[in-house]
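Each residue takes its place number in the sequence, starting with 1. For the numbers below, each heavy atom of this structure counts, side chains included, while hydrogens, waters and symmetry mates do not. Only a predicted model underlies this, so the values are computations on that prediction, with no experimental measurement involved.
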Amino acid sequence: MTVAELIRFLEGCPGDLRVVVNGYEEGYDDVASSRIRRAKIRLNTAEHDWEGQHDELGNEAKVAADGAEIVDALILHRLSK
């Protein structure tokens, strides 16, 4: 999903609609608005089904050593308890 796609989707939602993300194992958590940020990620790097599909590229790296595609992404963190 791109930001433009997200904006188009959100335009059809009421302004007071709660935004959540999937919880660590079950249920849903609120999005932590203070933890929304941009980062570079490597696409399709997961080796195990319990890992996220993509991985954040470290600040020191300019290219992925493993040849994975690198893109900019908007990261939404869940509110941790």
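- With sequence neighbours excluded, the residues forming a salt bridge (Lys or Arg N to Asp or Glu O under 4.0 Å) with R37 are E56, listed by chain and number.
- Under the 4.5 Å side-chain heavy-atom criterion for ILVMFWY residues, a single connected hydrophobic cluster contains both L74 and V21.
- Atom NZ in K40 sits 11.5 Å away from atom CD1 in I75 (nearest 0.5 Å).
- Applying the ring-ring contact (aromatic ring centres under 6.0 Å, His included) definition to pairs two or more places apart or across chains, those involving residues 13-49 are H48-W50.
- Summarising the geometry of A46 relative to G52, their closest heavy-atom pair is CB-O, 3.1 Å, with the distance given to 0.1 Å.
- The structure places OG1 of T45 at 8.5 Å from CD of Q53, a figure rounded to the nearest 0.5 Å.
- Side-chain contacts under 4.5 Å among hydrophobic residues (ILVMFWY), followed directly or transitively, place L17 with no other residue at all.
- Put simply, the side chain of I36 does not reach to within 4.5 Å of the side chain of H77, judged on heavy atoms.
- Looking at heavy atoms from C-beta onward, L79 lies out of side-chain contact with V31 at the 4.5 angstrom threshold.
- For the pair D29 and G23, the tightest heavy-atom approach, listed with the atom from each and the gap, is OD2-CA, 3.5 Å.
- Rounded to the nearest 0.5 angstrom, R42 CZ and I70 CD1 are separated by 8.0 Å.
- Partners of R18 by side-chain hydrogen bond (donor to acceptor under 3.5 Å, both in side chains), not counting sequence neighbours, listed by chain and number: D30.
- Partners of L43 according to the side-chain contact (heavy atoms from CB on, under 4.5 Å) rule, which considers only residues two or more places apart in sequence or in another chain, are I41, H54, E69, V71.
- A salt bridge (charged side-chain N to carboxylate O under 4.0 Å, His left out) check over residues 4-13, counting only residues at least two apart or in different chains, returns nothing.
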